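Computed from a predicted structure; not experimentally measured.
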Amino acid sequence: MTVSIQLEVNGKPVQAEVEPRRLLVHFLREDLGLTGANIGCETSLCGACTILVDGNAVKSCTMLAAQADGAAVTTIEGLARNGELHPLQDGFWEKHGLQCGYCTPGMILSANYLLEQNPSPSDEEIREGLKGNICRCTGYHNIVEAVKYAAERMS
Amino acid sequence: MAGVLGTSIKRREDPALITGRGKYTDDLLVEGMAHAAIVRSPYAHARIRGIDTSAAKTYPGVVAVLTARDVAAAGIPGMVPVGWLLPDLKTPAHPMIAADTVRHVGDAVAVVVAEDRYVARDAAERVAVDYEPLDAVADVVAALEDGAPTVHDDAPGNVAFDWEIGEKDPVDAAFAQAAHTVELDLRNNRLIPHAIEPRAALASYDSSTGVMTIHMTSQNPHVHRLLMTLASLGMPEHKVRIVAPEVGGGFGSKIHHYADEAIVGLCSLKLDRPVKWTATRTETNLTDAHGRDHSTHCAMAFDGDGRITGLRVDTKAAMGAYLSTFAPAVPTYLYGTLMSGQYDIPAIHCHVTGVFTHTAPVDAYRGAGRPEATFVVERLMHLAGEATGLGPIEVRKRNFVPADAFPYQTQVALAYDSGNYGPAMDRALEMIGYDDLCREQASRRGNGNGRRQMGIGFSSYIEACGLAPSAVVGSLGAQAGQWESADVRVHPTGSVTVYTGSSSHGQGHETTFSQIVADRLGVAPEAVEVIHGDTDLVQFGMGTYGSRSAAVGGSAIAGSVDKIIEKGKKIAAHLLEAAAEDLEYEDGSFRVAGSPDRALGLGDVALQAYLAHNYPDDLEPGLSATTFYDPANFTYPFGTHVCVVEVDTETGSIELLRYTAVDDVGNVINPMIVDGQLHGGLAQGIGQALWENAVYDDSGQLVSGSLMDYALPKIHNLIQFELDRTTTPCPHNPLGVKGVGEAGAIASPPAVVNAVVDALKPFGVTHIDMPLTPEKVWRAVNAD
Ligand code: FES
Ligand code: FES
């Protein structure tokens with residue numbers, strides 16, 4: 001049994017038939033080939049799979065593809081505009097906010113949501129805003145720097 | 001290119017990773033790919049009475065279900081080997097798929113291959129295994145007790161090995177005459193590495209060529225190929241290609257050769273089609289080799305001046321259910337040999353018992369043995385500061401190996417090549433503002449022991465890294481060499497490709513290795529491509545672990561560049577009609593000394609090397625060089641870290657206030673990357689000290705197997721770190737570099753624990769075992 005869904009992914013309309021139990025993250029990664037969202041756990045705790053659904057940061061391992069029917073989804077692949085990196089992508093590069101990069105797409109999209117809500121966060125607010133995303137490599141120091149860099153560029 | 005070494009150039013790895021284009025193993029989708037799900041034991045110890053695969057085999061979408069019988073029927077070795085042998089080491093068999101007994105929760109008993117990953121999981125649930133549960137033992141101390149359940153019949157008493165280093169009698173004599181002694185019983189908590197990318201493999205066998213290609217999460221593809229072919233699949237080495245695509249962190253856990261990747265290989269071999277397996281977080285936590293898990297008694301003796309006269313260490317080190325790849329080396333040669341720390345200790349004896357338990361295997365995890373040794377030494381030094389009345393700084397300084405005493409031969413085999421410990425300590429004190437902190441602490445204590453106490457903890461650490469001379473590690477039992485290879489090829493146009501055996505999994509090798517070439521060869525970093533992580537592209541290499549990539553892999557690259565320059569001089573001398581001895585190489589040009597206008601650029605010489613039209617008779621065409629660099633010694637990074645904490649004595653909660661680290665990692669290639677390595681290591685070490693704990697219950701169930709119950713450091717738990725460096729170059733490698741990957745994880749656990757114990761001094765607390773959870777802290781404060 002499948003259900004039909006229609007959604008917008010990175011600005012493009014997508015129509016698909018999916019198994020009702022198919023996770024959104026698998027739909028994006030395997031059916032659409034958008035492998036930027038990574039999977040690091042099965043308990044909604046690591047944040048590696050974070051994407052934006054209608055502007056909200058969502059862990060795509062915790063949502064069914066069927067639930068995304070009618071939604072507008074942004075993945076890391078859709079963040080750069082006209083070949084220009086998003087200031088957060090730039091900030092992570094500039095400030096060495098990533099090492100292995102596995103957490104990075106989710107981290108950047110969570111930070112994107114944070115900056116939408118609070119364009120000039122303090123260090124503490126950045127740490128509060130990103131606590132749903134785990135990074136095992138960076139010790140977070142440069143992630144804080146990267147988000148501050150982006151916030152300054154965006155303001 | 002001058003100025004490129006020691007410069008924080010941005011990483012070339014990043015554009016792919018920040019746009020989602022980097023491809024990790026699970027991102028690879030290939031035509032005809034099937035998915036594997038591994039059926040694992042829910043018991044820590046059980047006999048397998050039978051396995052009924054019929055319901056799984058007939059489940060729609062299932063391609064195959066394999067068990068140990070199929071391994072046997074395939075006529076392959078089917079084993080998972082250990083790669084480091086100690087004298088009298090017990091090496092019980094570790095089958096790829098358990099045949100009659102399972103020995104830890106997560107032991108593989110069957111594998112299901114299906115067209116779809118969901119179906120593979122569904123069908124795995126339908127494999128019916130008839131287990132007869134047996135008694136299990138998960139605790140390293142309990143496993144040695146009389147009557148403990150036995151993990152392997154061929155390892156009586158669960159003893160894997162009994163090992164010692166140093167001399168016991170002089171230590172006993174030192175204790176007999178000591179003016180002061182300190183002692184400690186401690187547990188070094190078991191950790192789960194938690195690379196955020198779980199292990200994964202995509203095996204693609206092609207029967208038309210007989211070639212097996214395995215893309216997998218590997219820190220050392222050639223080592224994996226060797227072990228995979230030799231002990232598991234029994235295929236010819238030249239018919240197996242291992243590729244490590246982007247690898248999402250490793251921290252040691254992706255060094256080892258596991259059963260799972262071999263199982264996926266077998267599936268593909270049997271089915272003649274690509275098969276992918278990606279571990280769930282729970283699966284990877286049940287089967288990745290864990291770290292640490294020691295029970296230790298240790299003591300230090302001092303004379304009346306507070307000088308160390310002896311150190312005694314007795315450790316029980318868990319090996320888990322099977323010996324993982326390098327497991328026996330970790331609590332022995334990477335632990336006992338580090339017991340001298342930064343100190344001149346005249347007598348040391350360290351005894352270690354390796355213990356089988358019904359748990360996941362234990363092997364190298366960031367620091368591997370060295371954090372455990374540093375914890376012993378630096379906790380004792382904290383206690384010694386109290387016992388001698390000298391305090392934490394003076395007791396350390398008084399015992400530092402003096403700067404003029406290098407090279408320094410320790411009592412535990414290592415010979416420190418260089419060091420200068422005082423300045424790192426002084427700089428750390430200056431940065432942290434020690435005197436002000438002491439005043440603040442005194443005022444809090446004076447305040448009738450107020451609720452929020454402050455503590456300051458030190459850790460002056462040494463590490464031996466850059467693994468290391470092959471002959472030495474061979475004599476100590478390694479079944480592998482510890483050199484590294486580099487093939488540097490200058491193309492006809494003068495640009496360069498480097499093939500390195502050090503494969504990266506987040507460290508930024510492509511960036512830093514290009515800097516090494518750019519500096520030495522006088523070209524732009526952008527003119528250098530770095531290739532790694534593919535056994536078909538790269539000559540044999542040992543891989544990335546033990547903070548060895550810059551010191552060993554980087555030195556191999558430097559060696560190849562030097563050979564290229566030497567050859568280039570001969571070619572240029574021929575073209576310039578000069579003697580090769582008269583040529584100098586600078587900024588990318590070969591010049592005749594004293595005649596600056598007689599010069600040829602690297603590109604000109606490279607082109608001539610490939611044309612070979614007008615060319616020296618005794619020279620082969622081409623401009624490339626391969627080096628297998630075998631270091632003369634380990635390298636010895638060191639430093640002093642200072643941690644400041646606030647402890648709420650009513651709730652037992654701990655707040656990190658400051659963390660300062662002054663490290664000496666020798667010359668630095670890219671300061672930004674070096675700092676990043678430190679940050680990451682610090683987070684893991686602080687995580688060990690405060691939150692992380694792999695807990696098995698008495699029946700051998702892993703109760704902290706998911707991120708719900710294993711507390712990884714999160715961003716709001718940590719603070720910005722304050723870093724600086726001193727620079728004492730390594731004297732025996734061409735770059736003067738020492739390595740930095742593990743320093744943070746090695747130094748920080750005792751710094752944190754010492755700080756908390758210091759905060760609780762007014763309450764008579766002298767030790768709390770890691771992790772320092774609020775409950776344990778509260779109990780320590782409220783103990784009678
Ligand atoms: S994969 Fe870990 S939160 Fe989604
Ligand atoms: S960069 Fe590796 S997990 Fe964050």
**Asked** Does any heavy atom of chain B fall under 4.5 Å from the side chain of Thr104(A), the backbone, both, or neither of them?
**Response** side chain
**Message:** Quick check for you: among Glu77(A), Glu128(A), Glu124(A), Arg136(A), which has the greatest number of heavy-atom pairs under 4.5 Å with chain B?
**Reply:** Arg136(A)
**Prompt:** Using non-hydrogen atoms only, which part of Phe721(B) is less than 4.5 Å away from chain A: side chain, backbone, both, or neither?
**Reply:** both
**Item:** CD/Glu31(B): more than 12 non-hydrogen atoms of other groups inside 6.0 Å
**Value:** no
**Prompt:** Does one side chain, of Glu197(B) or Asn38(A), offer a donor that lies under 3.5 Å from an acceptor on the other?
**Reply:** no
**Message:** Taking side chain as everything from C-beta outward and backbone as N, CA, C, O, which of these in Arg21(B) sits under 4.5 Å from a heavy atom of chain A? Side chain, backbone, both or neither.
**Reply:** neither
**Message:** Checking Asn133(A) against Ser110(A): is there a side-chain donor and acceptor pair closer than 3.5 Å?
**Reply:** yes
**Prompt:** With chain A, which of Leu682(B), Val247(B), Leu29(B), Leu712(B) has the greatest number of heavy-atom pairs at distances under 4.5 Å?
**Reply:** Leu712(B)
**Asked** Does the side chain of Glu510(B) come under 3.5 Å of the side chain of His532(B) through a donor N or O and an acceptor N or O?
**Response** yes
**Prompt:** Below 4.0 angstrom, N of the basic side chain to O of the carboxylate: do Glu526(B) and Arg12(B) qualify?
**Reply:** no
**Message:** Quick check on the interface: out of Thr280(B), Ile18(B), Ile715(B), who has the most heavy-atom pairs with chain A under 4.5 Å?
**Reply:** Ile715(B)
**Fill in**
Residue from Gly101(A), Ser44(A), Gly40(A), Cys137(A) scoring the most non-hydrogen pairs under 4.5 Å with chain B is Gly40(A)
**Contacting moiety of Glu94(A), where chain B heavy atoms sit under 4.5 Å** = both
**Asked** Does any heavy atom of chain B fall under 4.5 Å from the side chain of Leu85(A), the backbone, both, or neither of them?
**Response** side chain
**Prompt:** Roughly how far apart are Thr62(A) OG1 and Glu42(A) CD, rounded to 0.5 Å?
**Reply:** 11.0 Å
**Request:** For chain A, find which of Ile673(B), Asn285(B), Thr284(B) contributes the most heavy-atom pairs closer than 4.5 angstrom.
**Result:** Ile673(B)
**Message:** Regarding Arg127(A) and Gln720(B), do their side chains bring together a donor and an acceptor under 3.5 Å, going by distance alone?
**Reply:** yes
**Request:** Verify the ring-centre separation between Tyr659(B) and His641(B): is it less than 6.0 angstrom?
**Result:** yes
**Item:** Proximal component of Thr278(B), with respect to chain A [non-hydrogen, under 4.5 Å]
**Value:** neither
**Prompt:** Counting heavy-atom pairs under 4.5 Å to chain B, which of Gly129(A), Cys100(A), Gly139(A) comes out on top?
**Reply:** Cys100(A)
**Asked** chain A heavy atoms under 4.5 Å from His505(B): which part of the residue, side chain, backbone, both or neither?
**Response** backbone
**Message:** Any salt bridge linking Asp288(B) with Lys254(B)? Criterion: basic side-chain nitrogen under 4.0 Å from a carboxylate oxygen.
**Reply:** no
**Item:** Interchain contact, His26(A) with chain B, by part (heavy-atom threshold 4.5 Å)
**Value:** side chain
**Message:** If only side-chain N and O atoms count, and only distance matters, is there a donor-acceptor pair under 3.5 Å linking Arg199(B) with Thr287(B)?
**Reply:** yes
**Request:** With a 4.5 angstrom heavy-atom cut-off, could you sort out which part of Ile134(A) is near chain B: side chain, backbone, both or neither?
**Result:** both
**Request:** Flag the one option from Asn717(B), Asp26(B), Thr19(B), Asp675(B) with the top tally of heavy-atom pairs under 4.5 Å to chain A.
**Result:** Thr19(B)
**Prompt:** Quick one: what part of Ile143(A) sits under 4.5 Å from any heavy atom of chain B, side chain, backbone, both or neither?
**Reply:** side chain
**Message:** Is Ile686(B) close to chain A through its backbone or its side chain, or both, or neither, when contacts mean heavy atoms under 4.5 Å?
**Reply:** neither
**Heavy-atom pair count under 4.5 Å with chain A, highest-scoring of Asp27(B), Leu718(B), Leu17(B)** = Asp27(B)
**Asked** Does a salt bridge link Arg21(A) with Asp122(B), judged by any charged N lying under 4.0 Å from a carboxylate O?
**Response** yes
**Prompt:** Side chain, backbone, both or neither: which part of Gln507(B) has a heavy atom under 4.5 Å from chain A?
**Reply:** neither
**Prompt:** How many angstroms lie between NE2 in His679(B) and CD in Gln99(A), if you round to the nearest 0.5 Å?
**Reply:** 9.5 Å
**Asked** Pro193(B), Ser706(B), Gly508(B): which one forms the most heavy-atom pairs within less than 4.5 Å of chain A?
**Response** Pro193(B)
**Prompt:** Based on non-hydrogen pairs under 4.5 Å, which of Leu130(A), Leu34(A), Thr35(A) is most in contact with chain B?
**Reply:** Thr35(A)
**Asked** Among side-chain atoms of His86(A) and Asn112(A), is any donor-acceptor pair under 3.5 angstrom?
**Response** yes
